[in-house]
Amino acid sequence: MKRPVGVLISGRGSNLGALLAAARAPDYPARIALVLSNRADAPGLALAADAGVPARVIAHREFGADRAAHEAALDGALRAAGVEIVCLAGYMRRLTPFLVGAWAGRMLNIHPSLLPAFPGLETHARALAAGVRLHGCTVHLVTEGVDEGPILAQAAVPVLPGDTEATLAARVLAQEHRIYPAALAALASGVAGPAADGAAALANPLPGAASAA
Ligand code: GRF
């Protein structure tokens with residue numbers, strides 16, 4: 001049984017595209033049941049339409065400063081669609097404890113750095129400025145702290161001589177598209193999830209993992 005997933009976007013939607021593509025495989029353990037955008041002009045909405053997936057705009061602007069009402073509308077739409085797991089995919093609104101708590105352990109985010117390095121925005125420019133030799137991306141469970149939740153998957157890429165923000169971003173993005181579907185599959189199939197102590201954990205470690213620990 002494929003578990004129904006809701007994807008929240010604000011823009012381009014390339015990670016949404018990667019999730020939609022992965023979910024087409026018959027043996028993938030999740031299906032994209034709903035796409036929500038807080039912006040009517042998000043290009044990613046077209047990807048949902050092309051894939052025949054229901055998509056809705058719930059514009060934060062219509063709610064003014066009332067973040068709680070906006071999040072209640074998002075939550076209501078997700079529940080009405082039977083969603084069990086939420087993926088943030090370039091969703092550019094900071095969430096309040098209400099929505100984070102409502103989906104605790106069942107909400108993922110993709111972030112374009114090797115967390116805990118470079119939380120927040122402008123990650124590629126900051127990585128270049130810091131002179132790091134490795135950069136990358138992270139899929140993590142969403143908690144109240146921004147970009148702070150337990151890590152489910154990471155991929156590293158080299159920072160190469162002559163890299164610009166654009167070339168580095170493109171190298172990282174290719175890895176985002178690989179690890180986000182993999183992390184969602186792990187959560188949806190119960191292989192990975194929140195541990196009792198709040199960390200992310202493999203629920204069913206691979207054979208041999210225990211002896212190696
Ligand atoms: C990605 O780099 C993602 O890691 C970050 O926002 C960007 C969204 O890109 N959270 P897209 O909309 O998925 O193409």
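Numbering of ligands and ligand atoms starts at 1, following listing order. Sequential numbering from 1 along the given sequence is applied to the chain's residues.
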Inset, instruction - Report yes or no: does K2 contribute a side-chain atom to a donor-acceptor pair with the main-chain N or O of A23 at less than 3.5 Å? - result: yes

Inset, instruction - Using only heavy-atom distances, determine whether the side chains of E148 and T143 contain a donor-acceptor pair under 3.5 Å. - result: no

Inset, instruction - Please test L108 against L88 for side-chain contact (heavy atoms from CB on, under 4.5 Å), starting from the C-alpha separation and ending with a verdict. - result: CA-CA 6 Å; L108 293 175; L88 306 182; over 6 Å; no

Inset, instruction - For F98, enumerate each residue passing the ring pair (Phe, Tyr, Trp, His ring centres under 6.0 Å) test, keeping only those at least two apart in sequence or located in another chain. - result: none

Inset, instruction - At a heavy-atom distance under 4.0 Å, which protein residues reach ligand 1? Sort them by chain and number, would you? - result: R12, G13, S14, N15, G90, I110, H111, P112, E176

Inset, instruction - For H135, check ring pair (Phe, Tyr, Trp, His ring centres under 6.0 Å) against everything at least two apart and list the hits. - result: H124

Inset, instruction - Could I get the full list of ring pair (Phe, Tyr, Trp, His ring centres under 6.0 Å) partners for H140, not counting sequence neighbours? - result: none

